[in-house]
Amino acid sequence: MANGKRILRLTAIAITLAGVLGFQLEAMGMLGSTDETAGRPDVIMIDTIARLESLEQPAAVFKHDAHTKALKDQGMSCESCHQKDAKGDLTLTFGRQEDESGAELTASGLKDMYHDNCISCHVKSEEKGFKTGPKVGECRGCHQVRPETADRVPAGMDNMLHFVHWDSKIIPADQGKETNCGACHKKAGEEDSWRFSDLAKTEPLKDVFHSQCVTCHQSLIEKKAERSGPVQCAGCHGAGEIATRNVELAKDLKAMGGTLPRLPRKQPDAVLMAPGAKDKEAEAKAGDKPSGMAPVAFDHKLHEAKSDSCMTCHKDGVNAKLNASFEALHNVNDPATCVGCHVQEQKKPECAGCHEARPATKALSENSCVTCHNVDVTAEPGFRLMASAPVNPAAMSKEEKEAMAAKVIAARPETQAMVAEKDIPEFVNIEALADQYQPSKMPHRKIVLTLMKGMKDNRLAATFHTSPEAVCAGCHHNAPATLTPPKCASCHGKPFETEGRPGLKAAYHGQCMSCHQEMKLEKPAATNCVACHEKKTN
Amino acid sequence: MSVETTAVAKKSLFTPFNIIAGIILVAGLVVTVMRFTGGLGAVTNLDQNNPWGIWIGFDLLCGVALAAGGYTTSAACYLFGLKKYHAGVRPAILTAFLGYALVVFALGYDVGRPWRLPYPIFVQQGTTSLLFEVGLCVMLYLTVLFIEFTPAAFEWLGMKKIRNIIVKMTLALTILGVVLSTLHQSSLGALFTIAPSKLHPLWYSQYLPVFFFVSSIAAGLSMVIFEGTLSHKPMHHLMDEEYLNNHDDLILGFGKAASLVLFGYFSIKVIGLAYDNNWHYLTTGYGAWFLVEMLGFVALPSFLYAIGARDKNLTVIRWAAGLTVLGIIVNRFNISLVAFNYQLPSAQRYFPSWGEITISLFVVTIGVLAFRFISTRMPIFYEHPDYKGEH
Amino acid sequence: MLRRTFLGLLGAAGASAALATPAKAANKHFGPHPDTHGVLFDATRCIGCRKCEQACNEVNELPEPEKKFDDLSVLDTVRRSDENTFTVVNRYQTAKGPVFRKQQCNHCLEPACASACFVRAFKKQPNGAVTYDASVCVGCRYCMVACPFSVPAYEYNEPLTPRVRKCTMCYPRLQEGKLPGCVEKCPKEALTFGPRAELIRIARKRIETYPDRYVNHIYGEHEMGGTSWMYLSGVPFSEIGMREDLGTASAPELTAGPLAAVPIVVGLWPVLLGGIYAVTQRNAKVANAERVKAVKDALKRAGDEAEKKLHEELGKAEQASQRRIEVEVKKAVEEALAPKEEDAGTKEEES
């Protein structure tokens with residue numbers, strides 16, 4: 001072609017332009033999707049310089065566990081990066097000690113310190129033949145534009161893990177005592193989570209925990225103790241490792257008979273909780289007239305065994321005053337409250353059959369108040385929930401209060417009161433809508449007895465199902481609890497007339513099928529019509 | 001002498017072209033019978049998720065786009081006063097008329113009840129529908145094209161008076177033709193604006209009507225060049241001086257225009273990408289195919305056209321025209337078949353059946369044969385001696 | 001030069017590009033007909049028994065399917081409605097176990113099918129049902145393209161009388177005051193029939209009463225401009241095969257822009273093109289006149305020049321002939337004188 005050369009030149013320029021443009025777009029991250037790798041628990045973003053000046057490069061991605069393993073493979077210790085302080089504990093900062101003696105490093109000083117130490121180690125490892133990280137000129141290897149994000153499970157100590165520590169012989173007991181609380185807790189008698197310690201008020205929480213837990217574990221490992229805790233990030237923060245550990249702990253718990261020994265911290269067995277009592281301490285007098293809701297007798301000993309950690313309820317620590325506002329004790333949606341936790345219990349399959357169908361708001365009704373607020377309740381109508389005798393908890397001593405609460409608790413039933421078997425109809429013939437199917441012969445007594453078996457040893461059920469007929473109300477609902485409840489058809493008629501009230505067919509099917517589904521019964525399957533009613537042949 | 005001419009006319013009917021055309025015709029008739037006795041299911045691969053296949057994608061969409069040469073050429077000659085293109089008007093009008101007539105013919109196969117095709121206009125008008133818009137404008141435009149074509153027939157039949165009346169209407173018909181073409185070309189694109197959830201983001205845009213309209217201009221210009229190239233050798237003996245003298249100028253001029261139009265089309269497609277911020281799709285598989293369509297079938301022919309126009313190289317222009325025609329087909333296929341239903345798994349995607357391919361070939365063959373029949377008998381490539389200079 | 005063609009057409013196309021946004025009637029919002037009814041489907045109640053499919057089949061007198069309705073093995077595959085099945089129930093495995101969903105026409109408030117149909121074969125009835133009139137349908141299947149839920153099915157195997165088939169919300173039964181077949185048959189009241197506004201209230205109440213049971217969203221309240229058939233679910237809707245990326249713009253809204261451009265083109269294009277023609281004609285006329293004048297001038301100039309030249313030549317010729325005459329006269333005189341000299345010579349010899 002006549003102008004072949006020119007065309008060639010133009011095409012070359014076009015291709016070059018396209019190449020440069022594509023490269024720039026890719027570098028700016030406009031093309032391509034983000035990496036789909038799941039986050040690791042050990043990803044630390046190094047942005048120390050951000051405190052001093054705005055960053056030129058993105059924060060560097062540092063995978064701590066990978067480095068710990070690499071050091072171990074090469075026979076090196078934590079001291080390659082972490083210096084030991086005066087006490088011989090590892091410092092948490094890299095390559096420097098953050099105390100007043102060391103000179104404050106400048107931004108460029110910090111940069112050089114990180115670069116020199118990290119890269120020189122990488123170079124040395126490579127020389128030794130190990131797989132290593134980025135070196136000089138491979139900036140983007142660490143300063144990733146779209147970095148991996150850390151995926152850390154928040155670590156914490158629950159009762160079981162705490163037991164492992166306070167029961168351990170490896171942690172030496174305190175002077176003259178049988179307990180070893182002092183090994184970790186500073187103030188005897190006021191032991192609490194480190195979250196609430198004085199140290200946590202000044203230092204970041206992670207530093208508090210790491211400096212206490214990890215250093216101790218590390219020193220035990222160095223001393224070659226029988227057993228120690230994790231020093232890797234994933235050991236406390238990795239979902240997989242936590243799951244494995246929980247399995248092991250569950251086995252240990254089972255071997256102990258299913259209940260943890262009680263923590264020896266002199267907790268009360270029973271507590272008298274009086275609404276608004278502490279506010280009136282100043283004016284309290286022994287002969288005052290009753291006012292306000294009756295106090296609640298709280299079985300502290302039982303609840304200790306039922307919760308995973310003290311902090312479930314003592315959200316601000318066991319030494320702090322408990323938040324006794326209405327919301328903090330009665331919020332249906334918050335498992336940290338009394339009502340909220342009880343609602344969680346109702347979600348178990350043995351309970352959910354009846355309780356799932358009850359609206360969330362019904363968890364807190366007038367009838368349920370009196371189950372708890374009943375210490376010395378007056379029988380007079382209108383004063384039912386109020387204390388009768390001039391009992392004023394504000395004027396009582398701690399021992400008096402505990403004794404009163406213990407008395408009320410002791411009076412509570414251990415097991416559910418039952419309706420006499422002869423009063424439970426054996427079969428109920430449901431024939432109101434029999435059309436394409438025969439009437440359904442429902443094995444009523446069998447069902448009721450199965451439900452009763454499920455709540456046999458449950459103290460919560462025993463306390464809240466205050467009368468034997470209360471259980472009947474699980475199915476015979478929205479009416480007073482009685483041994484002779486009305487027929488379903490009394491309220492359920494044609495469909496779509498009132499919202500919230502199904503028609504009779506849906507009432508039957510919905511009631512039975514939802515209960516079976518919530519209680520995770522495989523038989524009868526909801527789609528197996530003939531399991532409950534035979535088909536009509538003609 | 002008459003003995004000679006008849007001897008020439010009686011050369012064998014069984015040319016290779018005629019044989020192939022004959023086979024396609026026979027196959028087409030067989031499939032036609034199957035279609036009207038067994039229904040669409042017996043002949044097509046259409047299903048409940050894929051209601052439109054190549055009968056819409058090719059016969060309707062490509063047919064209408066490629067028949068755009070009619071309005072572009074007549075607008076160039078009569079509205080923009082470019083008299084040198086005059087000789088190209090009749091072939092373009094004939095191509096367009098046959099194109100649209102065959103679109104309607106092909107619709108007779110695709111639509112469930114073809115005899116009800118007049119319903120939207122005469123029985124119950126669904127004016128909210130863009131398909132109504134397409135149908136109305138196509139019907140009107142087909143009428144316009146037919147009327148624009150009739151002078152050639154009347155000249156052949158010797159009906160002078162009525163021929164003159166129609167020729168006097170040329171200007172009005174041309175304006176009407178451009179208006180109607182704008183409307184239905186853009187409405188064909190607008191058909192797909194109703195289903196954003198089914199069309200891949202790289203091809204879906206609220207500007208689809210504009211894209212279709214602008215690309216139809218390029219399609220029309222290219223198709224005139226393409227058809228002119230294909231018919232040059234077989235119809236050479238029919239072409240008169242005016243046609244032959246101006247033929248090269250026409251190709252050159254249309255090539256220049258097509259280059260600009262394709263460049264403009266490329267620009268608005270890029271703007272469309274930016275407007276919807278769809279850049280990140282370019283790195284996907286669909287994105288690669290989109291780039292092939294844009295760079296290989298729009299940018300490249302625009303570039304080639306420009307070179308051909310500058311160097312006055314008609315061969316390059318002809319190749320560019322072929323590439324553009326192919327590109328229009330690729331674009332219409334992409335929108336109606338490739339990017340449509342992109343969200344479905346590949347097992348549920350559509351691929352044409354042999355019956356559908358047969359009918360599409362059948363329709364094209366009928367068009368070519370009709371074109372040949374008419375242009376060998378009527379004054380399309382030449383001026384009728386009785387009407388010389390009367391344009 | 002076809003440059004003008006390009007510029008003219010593209011400039012005018014720009015006008016239509018500016019109209020890409022839908023032409024809304026100044027801030028007016030037209031809600032659904034006050035009598036619009038609908039159905040609320042509660043996925044937490046459905047047990048996948050397929051009694052609704054059976055009822056639909058009976059009420060609409062559809063052909064018997066291959067597998068009977070109590071054969072639950074069909075739930076192993078995900079199905080869709082077709083020309084003989086207006087509704088299907090599908091099973092989806094989710095984190096909360098198997099969840100069932102009934103699929104059928106959603107009877108949109110602004111149906112894409114009704115908007116797309118160019119013979120108005122689809123109609124949104126005042127009571128909410130979207131009905132189909134087979135007596136005008138041409139069979140173009142644009143409704144199937146337009147429907148975002150891909151609901152309408154076509155009788156591809158009918159050669160001469162193919163129909164589009166979909167759920168009708170049992171419109172004839174509604175006229176008689178009865179419930180739709182599926183709603184009546186469901187043993188769990190997973191389907192609730194009633195006025196659409198009421199259904200939304202009911203759905204909100206259910207979510208409020210059982211917040212742990214439901215995802216806080218009523219599907220169909222706003223999707224595609226709102227549908228009459230709405231859904232509640234306990235798991236994210238995308239896990240039960242429902243698209244959550246459809247947006248809230250109804251189909252008519254999407255095509256309003258292009259449709260609005262049509263009358264503008266009809267009104268403006270003739271003006272534009274007529275103007276182009278007029279300008280082109282004027283240009284041609286002026287060019288012609290200029291050319292004529294140029295020719296005339298050229299001729300005149302040529303004429304003048306020719307005359308001048310003629311004059312010159314004539315002058316020259318005149319001079320030339322004068323000189324010739326003089327030359328001839330001289331010659332003649334010389335000749336006349338010459339014999340006299342000869343005579344004188346001979347005369348001397350004689351004397």
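Chain A is the first sequence line, chain B the second, and so forth, proteins listed ahead of strands; every chain is numbered from 1.
Minimum heavy-atom separation, B/Ile194 to C/Ala251: CG1-CB, 3.7 Å. Contact detail for B/Gly41 and C/Asn157: the closest heavy-atom pair is CA-OD1, 3.6 Å. The minimum heavy-atom distance linking B/Tyr119 with C/Val136 is given by the pair CD2-O, 3.7 Å. Smallest separation of non-hydrogen atoms from B/Leu79 and C/Thr280: O-OG1, 3.0 Å. Across all their heavy atoms, B/Val111 and C/Val138 have their closest contact at CG1-O, 3.0 Å. Of all heavy-atom pairs between C/Arg120 and B/Gln124, the closest is O-NE2, 3.0 Å.
A donor-acceptor pair is defined here as one N or O able to donate and one able to accept, closer than 3.5 Å; no such pair exists between the side chain of C/Tyr156 and the backbone of B/Ala42. Judged purely by atom type and a 3.5 angstrom limit, B/Lys198 uses its side chain to pair as donor or acceptor with the backbone of C/Val145. Between the side chain of B/Arg116 and the backbone N or O of C/Gly139, no donor-acceptor pair lies under 3.5 Å.
For the pair C/Leu254/B/Gln206, a side-chain contact is recorded, criterion being any heavy-atom separation below 4.5 Å from C-beta on. A heavy-atom distance below 4.5 Å is found between the side chains of C/Pro270 and B/Val179. B/Arg113 has its side chain within reach of C/Pro162: a pair of non-hydrogen atoms, C-beta onward, lies under 4.5 Å apart. Under the 4.5 Å side-chain criterion, counting only non-hydrogen atoms from C-beta, B/Asp47 is not in contact with C/Tyr154. You'll find the side chain of C/Arg80 reaches within 4.5 Å of the side chain of B/Asn49, heavy atoms only. The shortest side-chain heavy-atom distance between B/Gln125 and C/Val119 does not fall under the 4.5 Å cut-off.
Interface check for chain C: of the options B/Cys137, B/Gly81, B/Ser197, B/Ala190, the most heavy-atom pairs under 4.5 Å are formed by B/Ser197. Most heavy-atom pairs under 4.5 Å with chain B: of the set C/Cys137, C/Ala112, C/Pro152, this distinction falls to C/Cys137. With chain C as partner, the option from B/Asp110, B/Leu107, B/Val43, B/Thr37 having the largest number of non-hydrogen pairs under 4.5 angstrom is B/Asp110. Ranked by heavy-atom pairs shorter than 4.5 Å toward chain C, the options B/Pro209, B/Ala195, B/Gly38 are led by B/Gly38. Among B/Gly39, B/Pro51, B/Ala258, the residue making the largest number of heavy-atom pairs under 4.5 Å with chain C is B/Pro51. Contact count versus chain B (heavy atoms, under 4.5 Å) is highest, among C/Val279, C/Leu160, C/Asp245, for C/Leu160. Looking only at heavy-atom pairs under 4.5 Å with chain C, the residue among B/Trp52, B/Phe340, B/Phe192, B/Trp115 that has the most is B/Trp52. Of all the listed residues (B/Leu171, B/Ile56, B/Val134), the one sharing the greatest number of non-hydrogen pairs under 4.5 Å with chain C is B/Leu171.
Here the CZ-CD distance, from C/Arg165 to B/Gln48, works out to 11.5 Å after rounding to the nearest 0.5 Å. With rounding to the nearest 0.5 angstrom, the CZ atom of C/Phe118 is 11.5 Å from the CG atom of B/Leu136. The structure places CG of C/Leu272 at 10.0 Å from OG1 of B/Thr182, a figure rounded to the nearest 0.5 Å. Atom CD1 in B/Ile175 sits 9.0 Å away from atom CD1 in C/Ile276 (nearest 0.5 Å). Atom CG of residue B/Leu208 and atom OG1 of residue C/Thr255 lie 12.5 Å apart, to the nearest 0.5 angstrom.
Contacts between C/Cys140 and chain B at a heavy-atom distance below 4.5 Å involve backbone atoms as well as side-chain atoms. In this structure, no portion of C/Ala278 lies under 4.5 Å from any heavy atom of chain B. Contacts of B/Ser186 with chain C are absent, with no heavy-atom separation under 4.5 Å from either backbone or side chain. With a threshold of 4.5 angstrom between heavy atoms, B/Asn341 does not approach chain C through any atom at all. Of the two parts of C/Thr161, the backbone and the side chain both hold a non-hydrogen atom closer than 4.5 Å to a non-hydrogen atom of chain B. For C/Ala284, no part lies near chain B; criterion is any non-hydrogen pair under 4.5 Å. For C/Glu155, no part lies near chain B; criterion is any non-hydrogen pair under 4.5 Å. Both the backbone and the side chain of C/Pro148 come within contact range of chain B, each with at least one heavy atom under 4.5 Å from a heavy atom of that chain.
Surrounding CD of C/Gln93 are more than 12 heavy atoms belonging to other residues, nucleotides or ligands, all under 6.0 Å away. Within a 6.0 Å radius of CZ in B/Phe263, other residues, nucleotides and ligands contribute 12 heavy atoms or fewer. Shown here is C/Arg282, whose CZ atom has no more than 12 heavy atoms of other residues, nucleotides or ligands within 6.0 Å.
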- Item | Residues B/Asn50, C/Met144; criterion side-chain contact (heavy atoms from CB on, under 4.5 Å); working and verdict | CA-CA 8 Å; B/Asn50 296 293; C/Met144 296 168 73; over 6 Å; no
